[in-house]
Amino acid sequence: MRPSDVFSNSSAYAGQHGEPPLSRAGFIVLSVVMAGFTGPAIVLNAAVVIVTLMHEQLRQPLNYALVNMAVADLGTAMTGGVLSVVNNAQGHFSLGRTGCVMEGFAVSLFGITSLCTVALIAVERMFVVCKPLGQIVFQKKHAFGGIALSWLWSLSWNLPPLFGWGRYELEGVGTSCAPDWHNQDPKNVSYIVAYFAVCFAVPFALILASYTKLMWTLHQVSKMTCLEGGAVAKGEMKVASMVVLMVLTFLISWLPYASLAMLVVYNPKVEIHALVGTVPVYLAKSSTVFNPIIYIYLNKQFRKYAVPFLLCCKEPLADEEASEAATTVEISPSKVSPA
C-alpha cells in the first residue's frame with residue numbers, strides 16, 4: 001500500500017503534496033527507537049507473568065494488579081510496539097483500513113487498561129495503608145473486582161469507535177493507529193473529549209488523591225511515633241520518593257499525548273509536524289517498559305524471583321526478603337516502614 005493511500009484523514013501530518021512525512025532514514029530511526037522500547041517491554045512483562053505462574057509466593061491479592069498491568073503492557077507491546085517497528089521499517093502503514101481499526105482498538109484497549117491499573121494500584125495501596133473502611137482485610141475478591149473493572153472500563157470506552165461514535169485513524173507519521181484526534185465532526189469531537197476525560201483525567205485524579213492520602217497518613221503516624229536512628233523519617237522519605245517517581249512517570253508517559261490530543265481538538269487549525277505528533281505516541285508506549293521496572297522490579301518480592309529468571313539462574317536471590325508492593329507502608333502502633 002502506498003503511503004499516500006492511507007493518509008486520507010491525516011493530512012496534517014503529510015507534506016504539502018502528500019509526500020511521506022519523513023525520509024526513509026527517519027522511518028528507520030523511528031523503527032530502531034521503537035524496537036528499543038518494545039524488546040525490553042516484552043521480555044520484562046513476560047517474565048513477570050511467567051515467574052508469577054511459577055511461584056505461589058507471588059500469587060497474593062496485592063500482587064494481582066501488578067500482574068494485570070504486566071499483561072496489559074505485554075499486549076500493548078505485542079500489538080502496537082511490534083507493528084510500529086515493522087511499519088516504520090517499511091515507511092508506511094501496511095495493514096489497510098481494517099488492520100488500522102484492529103490495531104487502534106487493540107492498542108487502546110491494552111493501553112487504557114494499563115493506565116487504569118496504575119490508578120488501581122494507587123487506590124489499593126491507599127486502602128491497605130490508610131484503612132478508610134476500617135479493618136476490612138484486602139482479599140482476592142477485592143483484587144479480582146478491581147482488575148475486572150479496569151478491563152471493563154477500558155473496553156466500554158474503546159468499543160464506541162467500532163459502532164460510529166468516534167473512529168480509529170492513522171496518527172503521527174502514519175505508521176500506527178489510534179482514536180482520531182483530527183476529525184472535527186461533532187460526534188468525533190464529543191467522543192475524544194469524553195475519552196480523555198474518563199480515561200486520563202479520572203485515573204490521574206485517583207492517583208493523586210490516593211497517594212496524597214497515603215503520604216498524609218504516613219506523615220501523621222511518623223509525627224506520633226519516635227524510633228531510634230530516624231527510621232520513621234527514612235521510611236517516609238523512601239515512600240515519598242517512590243510516589244514522586246510513579247507520578248512523574250505517569251505524567252511523562254501520558255500527559256504529552258493527552259495534551260496534544262486536546263490541543264488538536266480545541267484548535268484544529270494548528271499545524272503540527274509529523275515528528276512532533278509522533279513523540280507523544282512513543283512516550284505513551286514507553287510506559288510498557290517503565291511500568292514493570294518501577295512497579296515490579298523495584299518490588300523486592302518480585303525481584304527475588306524475576307531477576308534470577310532473567311539471568312537464567314535456578315535459585316531465587318538469597319538475600320531478598322518477601323515484601324508487599326514497593327510503596328506499601330506497614331503501619332502499627334510502633335512501626336512505619338516502606339516495603
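Small disclaimer: the values here were computed from a predicted structure and weren't measured.
Residues passing the ring-ring contact (aromatic ring centres under 6.0 Å, His included) test with Phe204 are Phe250, sequence neighbours excluded. Listed by chain and residue number, Trp157, Trp165 satisfy the side chain to side chain contact (heavy atoms under 4.5 Å, CB included) test with Ala194 (two or more places apart in sequence, or in another chain). The side chain to side chain donor-acceptor pair (under 3.5 Å) test applied to Thr288 returns no partner, not counting sequence neighbours. Looking at residues two or more places apart in sequence or on another chain, you find a side chain to side chain contact (heavy atoms under 4.5 Å, CB included) between Gln184 and Val189, Pro268. Scanning for ring-ring contact (aromatic ring centres under 6.0 Å, His included) contacts around Phe144 gives Tyr64, with sequence neighbours left out. For the side chain to side chain donor-acceptor pair (under 3.5 Å) test, no residue two or more places apart in sequence or in another chain qualifies with Ser108. By the side chain to side chain donor-acceptor pair (under 3.5 Å) test, Ser210 pairs with no residue at all, sequence neighbours left out. For the ring-ring contact (aromatic ring centres under 6.0 Å, His included) test, no residue two or more places apart in sequence or in another chain qualifies with Phe27. Contacts of Thr79 classified as side chain to side chain contact (heavy atoms under 4.5 Å, CB included), with partners at least two apart in sequence or in another chain: Ala106, Val107, Phe110. Listed by chain and number, the residues in a side chain to side chain contact (heavy atoms under 4.5 Å, CB included) with Phe127 are Val123, Pro132, Leu133 (sequence neighbours excluded). Applying the ring-ring contact (aromatic ring centres under 6.0 Å, His included) criterion to Tyr195, with sequence neighbours excluded, gives Tyr191.
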Could you give me the CA-CA distance, side-chain angles and deciding distance for Tyr305 and Thr52, then say whether side chain to side chain contact (heavy atoms under 4.5 Å, CB included) is met? CA-CA 9 Å; Tyr305 296 99; Thr52 302; over 6 Å; no

Worked check of side chain to side chain donor-acceptor pair (under 3.5 Å) between Asn63 and Gln301: CA-CA 10 Å; Asn63 289 338; Gln301 187 179 21; 3.1 Å; yes

Between Ser84 and Asn88, is the side chain to side chain donor-acceptor pair (under 3.5 Å) condition met? List the steps. CA-CA 6 Å; Ser84 290; Asn88 278 312; 5.0 Å; no

Could you please spell out the steps behind the side chain to side chain contact (heavy atoms under 4.5 Å, CB included) verdict for Val307 and Leu310? CA-CA 5 Å; Val307 172; Leu310 290 172; 5.6 Å; no

Any chance you could lay out the side chain to side chain contact (heavy atoms under 4.5 Å, CB included) test for Leu30 and Val173, step after step, and finish with the verdict? CA-CA 10 Å; Leu30 287 182; Val173 293; 3.9 Å; yes

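Atom CE of Met262 has more than 12 neighbouring heavy atoms from other residues, nucleotides or ligands inside a 6.0 Å radius. Within 6.0 Å of atom CE in Met126, more than 12 heavy atoms from other residues, nucleotides or ligands are found, so the atom counts as buried in its surroundings.
Both Val193 and Trp153 sit in one connected hydrophobic cluster of ILVMFWY residues. Membership requires side-chain heavy atoms under 4.5 Å apart, directly or through other members. Residues Ile252 and Met246 fall into different hydrophobic clusters, defined by Ile, Leu, Val, Met, Phe, Trp and Tyr side chains chained together at heavy-atom separations under 4.5 Å. Follow the hydrophobic side-chain contacts under 4.5 Å out from Leu74 and you never reach Phe309; the two are in separate clusters.
Annotation: the span from Cys199 atom SG to Ile192 atom CD1 amounts to 10.0 Å, rounded to 0.5 Å. Rounding to the nearest 0.5 angstrom, the gap separating the CD1 atom in Ile147 from the CE atom in Met69 is 11.0 Å.
Listed by first and then second residue, the side chain to side chain donor-acceptor pair (under 3.5 Å) pairs involving residues 137-149 amount to none (not counting sequence neighbours).
Across the pair Cys177 and Cys100, the gap between the SG atoms, which is the quantity tested here, stays under 2.5 Å.
Less than 6.0 angstrom separates the ring centroid of Trp181 from the ring centroid of Tyr257.
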